[in-house]
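The next block holds one structure in the form of structure tokens; read it before the comments.
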Amino acid sequence: MKAVSKEKLPALLEELAKEGTLYVPSSSGDMSRFVPWKSDIQIDLDHNTTMSLKGILFPQTEVLYDYKFGEENTVEPPPPGSEKIIVFGVRPCDVQAIRCLDEVFLTRTYVDSYYKEKRERLIIISLGCTVAEDTCFCKDMGVNPVEAEGADMVLFDLDGEYGFEEKTDKGKEIAKKIASQLSETSKKKPEAPSFSLQVNSKGIVEKLQKMFERPIWEEVSQKCIGCNTCAYLCPTCHCFDINSKNTEAMKGYKYRTWDACLGKDYALMAGGHDVRPSKVERIRNRYLHKLLFFQERYGMFLCTGCGRCLRECPAGMNIAGFINQLEGVTVDG
Amino acid sequence: MASSEQNPLVPEMGTITKIIDETPDVKTFHVTTPNGKPFTPKPGQLAMLSLVPVGEAMFSITWQGDDYLEFSIKRVGVMTDALHEVEVGAAVGVRGPYGNSFPVDIMKGKDIVFIGGGIGLAPLRSLINHCVANRDDFGKLEVLYGSRSPADLVFKYDLFDNWPKVKDMDVYVTVDRGDDDWKGKVGFVPAYLEELKPSPEGKIAVTCGPPVMIKYVLQSLEKLGFSDEQVITTLEMRMKCGVGKCGRCNIGSKYICLDGPVFSLAELKKLPPEW
Ligand SMILES: Cc1cc2nc3c(=O)[nH]c(=O)nc-3n(C[C@H](O)[C@H](O)[C@H](O)COP(=O)(O)OP(=O)(O)OC[C@H]3O[C@@H](n4cnc5c(N)ncnc54)[C@H](O)[C@@H]3O)c2cc1C
Ligand code: FES
């Protein structure tokens, strides 16, 4: 396998940055996220980031089009970008999340132009995990914690050096560009890490199909304060709202923002009809979307086991705990 | 349907060419674009209209002409208030057509009873007019419609003038509360339905209205012997994108904007009971 020693990583990143906009994981205070690389940046490859790379493809706010009224009425979407977007150090759970977002934004009749335009420019360089944190459960959600299926290139932490394996044509192209920085290593790929958190997701789809009306929803939603932290940190949550902003009397722009399903008026309609009037219905919809509805529609979980919502929820909501709680639930037939 | 290469979130700019006052809070709008009709929808399909600086909302396309689409819009909030204030010539954005449509092919040759309440006649009207325009493809047509008061009846020209003249078509109108001039029926739609007792034989029932009305109409139809396959309805949920991406309009694993808004009762019963 090709590899680079850890000391030589900065030089390699400098090389990568010549190919496009390079994003690397970096911490500031308690938060870490992917930021554009600069030579003096502090890279944090020890832990997964607080914010996933979702915002690079699907920004928190994004202009859909500018509008102008007057003699002529025009709407003008922003021009597509041309630079490659290279994201370095993406964990396998977050690569899996991109596969979920690809299904949403690129399939089923309509293609989201804004997402597609960035997705085509995206090159994912993943970093396989050698340590699982105590909130990690990707393996139990069907993710390979080392191989990062869906990445263009995968990095392995080999003690003192990083091994490289290219997975796609895009990955091969990038590998060529950095070939002079790499040398051959005889070290083997690391073993999958051991997980302290075990989640039993076997058979939950079939079970949840029969559990729409159950007291468990009342019980599991009690703690929720509806703050939507889970949705904002979730690498797969893709709901959005659309609004407009006037910059002048007859001019402005339409934009979308991340939205989240635990808000009070999320499903409220004209005439006061609300199909999800309390947090019981809203949590049920959220958990079922993650664990059942997305499976029914796209054949995969909309939860990758990244553990962010468990770690950051101020009220202690725990979807992994919920899945394990299902073991004790019996449904007939 | 829009091709997948078009940007589905960007509207085409059009203008309002005609406004009809239907009731104190419902107006009908004709919308066209410099290139003529924005698209040719099927009965039951939807479009996103935007008064660009104000907002965007989803509406049923209630009918279409050679060069315009028609929408009937009830004033309920920010965007619809603003729409009710505009005059002919105003600029409006339009994108679509969205959603599935009424299954006209399986309705061919059958008798059809349409059951509507309030603004719920708007989505049904595209189908009713389709049946009228292709009269020989369908059996007997019956429309049962109700509103809160005589002043709240929408499409009075159709209810009292156009439709009753159509061959083998009957129109039944009721109001919750009458007034001094009202000589017609007073009472709720589901009760009138049970009184009229349409036979389910060779018939399809299509219903749309406020959630409470739908609930009781479905019960009445069941009592009258209609099977779940013979009952068709359209659903409404909050919508933002209209193209199955923003996640706003789900019921179970279905997005109403894309997989709906038209469902048979048999299909609905397979979904979680959130409708
Ligand atoms: C499939 C479908 C078909 C529809 N067809 C018609 C139609 O033919 N004629 C018609 O008059 N209306 C129709 N509507 C409803 C219409 O979309 C709402 O009345 C409109 O969005 C309200 O916008 P607003 O800005 O005026 O209200 P807001 O100021 O946004 O809100 C006023 C109230 O309406 C609720 N609301 C906001 N958006 C929606 C929404 N999309 N659906 C329902 N309630 C909403 C809010 O929660 C609030 O209670 C349809 C809706 C759907 C989803
Ligand atoms: S309105 Fe966005 S998914 Fe239906």
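Given the structure is predicted, the values throughout are model-derived calculations rather than measurements. Order of the sequence lines sets the chain letters (A, B, ...), proteins ahead of strands, with each chain counted from 1.
The line from CG of A/Asn243 to NZ of B/Lys240 is 6.0 Å long, rounded to the nearest 0.5 Å. Annotation: the span from B/Tyr255 atom OH to A/Arg297 atom CZ amounts to 6.5 Å, rounded to 0.5 Å. Note: A/Phe69 CZ to B/Met13 CE = 4.0 Å, rounded to the nearest 0.5 Å. With rounding to the nearest 0.5 angstrom, the SG atom of A/Cys261 is 10.0 Å from the CZ atom of B/Arg248. Note that OG of B/Ser253 is 11.0 Å distant from CD of A/Gln295, once rounded to the nearest 0.5 Å.
When each of B/Pro273, B/Gly55, B/Gly93 is checked for heavy-atom pairs under 4.5 Å with chain A, B/Pro273 comes out on top. Per-residue heavy-atom pair counts under 4.5 Å with chain B were compared for A/Phe105, A/Tyr266, A/Tyr298, and the maximum is reached by A/Tyr266. Between chain A and the residues B/Pro210, B/Pro11, B/Gly244, the most heavy-atom pairs under 4.5 angstrom are made by B/Pro11. By number of non-hydrogen pairs under 4.5 angstrom with chain B, the leading residue of A/Arg108, A/Met269, A/His289 is A/Met269. For chain A, the option among B/Met237, B/Lys74, B/Glu12 with the highest count of heavy-atom pairs below 4.5 Å is B/Met237. Ranked by non-hydrogen atom pairs under 4.5 Å with chain A, the options B/Ala91, B/Pro211, B/Gly252 are led by B/Gly252. For the options A/Asp259, A/Leu292, A/Asp241, heavy-atom pairs under 4.5 Å to chain B are most numerous at A/Asp241. Of all the listed residues (B/Gly77, B/Cys249, B/Gly247), the one sharing the greatest number of non-hydrogen pairs under 4.5 Å with chain A is B/Gly247. For the set B/Val76, B/Ile251, B/Val10, the count of heavy-atom pairs under 4.5 angstrom toward chain A peaks at B/Val10. In terms of heavy-atom pairs under 4.5 Å with chain B, the best-connected choice from A/Thr74, A/Leu288, A/Val104 is A/Val104.
Interface remark: A/Asp274 contributes no atoms to any contact with chain B (heavy atom separation under 4.5 Å). Interface remark: A/Phe240 contributes backbone and side-chain atoms alike to the contact with chain B (heavy atom separation under 4.5 Å). Within the 4.5 angstrom heavy-atom criterion, only side-chain atoms of A/Tyr114, from C-beta onward, approach chain B. If you measure heavy-atom distances from B/Val212 to chain A, you find no contacts under 4.5 Å at all. Heavy atoms of A/Asn73 lying under 4.5 Å from chain B belong to its backbone as well as its side chain. When heavy atoms are compared at a cutoff of 4.5 Å, A/Gln209 does not approach chain B at all. Residue A/Thr247 does not touch chain B at all, counting heavy-atom pairs closer than 4.5 Å. Heavy-atom distances place both the backbone and the side chain of A/His238 under 4.5 Å from chain B.
By the 6.0 Å contact criterion, CD on A/Glu218 is open, its count of non-hydrogen atoms from other residues, nucleotides or ligands being 12 or less. More than 12 heavy atoms of other residues, nucleotides or ligands lie within 6.0 Å of CZ in A/Phe322, so this atom counts as buried by the packing criterion. The neighbour count for B/Lys37 NZ, taken as heavy atoms of other residues, nucleotides or ligands under 6.0 Å away, is above 12. For A/Tyr232, the OH atom counts as densely surrounded, since its 6.0 Å shell holds more than 12 non-hydrogen atoms of other residues, nucleotides or ligands. For CD of A/Glu76, the number of neighbouring non-hydrogen atoms (other residues, nucleotides, ligands) closer than 6.0 Å is 12 at most. Shown here is A/Glu296, whose CD atom has more than 12 heavy atoms of other residues, nucleotides or ligands within 6.0 Å. Other residues, nucleotides and ligands contribute only 12 or fewer heavy atoms inside 6.0 Å of the NZ atom of A/Lys68.
Using a 4.5 Å cut-off on side-chain heavy atoms (C-beta onward), B/Glu274 and A/Phe212 make contact.
Of the possible polar contacts, none joining the B/Arg238 side chain to the A/Ala267 backbone as a donor-acceptor pair under 3.5 Å is found. A donor-acceptor pair under 3.5 Å is absent between the side-chain atoms of A/Arg256 and the main chain of B/Cys241, judged by distance alone.
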- Task: Determine, step by step, whether A/Phe293 and B/Asn250 satisfy the side chain to side chain contact (heavy atoms under 4.5 Å, CB included) criterion, reporting the C-alpha distance in whole Å, the side-chain angles of both residues, the deciding distance to 0.1 Å, and the verdict.
- Result: CA-CA 9 Å; A/Phe293 302 155; B/Asn250 85 296; 3.9 Å; yes
- Query: Between B/Lys245 and A/Asp112, is a salt bridge (Lys or Arg N to Asp or Glu O under 4.0 Å) present by the stated rule, with each step listed?
  - Reply: CA-CA 8 Å; B/Lys245 311 291 181 206; A/Asp112 187 286; over 6 Å; no
- Message: Please evaluate residues A/Tyr110 and B/Tyr98 with respect to the criterion side chain to side chain contact (heavy atoms under 4.5 Å, CB included), reporting the C-alpha separation (whole Å), side-chain torsions for both, the decisive distance (0.1 Å), and the verdict.
- Response: CA-CA 11 Å; A/Tyr110 294 98; B/Tyr98 295 135; 3.5 Å; yes
- Would A/Lys254 and B/Glu56 count as a side chain to side chain contact (heavy atoms under 4.5 Å, CB included) if you check the C-alpha gap in whole Å, the side-chain angles of each, and the deciding distance to 0.1 Å? CA-CA 10 Å; A/Lys254 194 82 156 181; B/Glu56 196 172 45; 3.9 Å; yes
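A donor-acceptor pair shorter than 3.5 Å cannot be found between the side chains of B/Asn7 and A/Tyr65.
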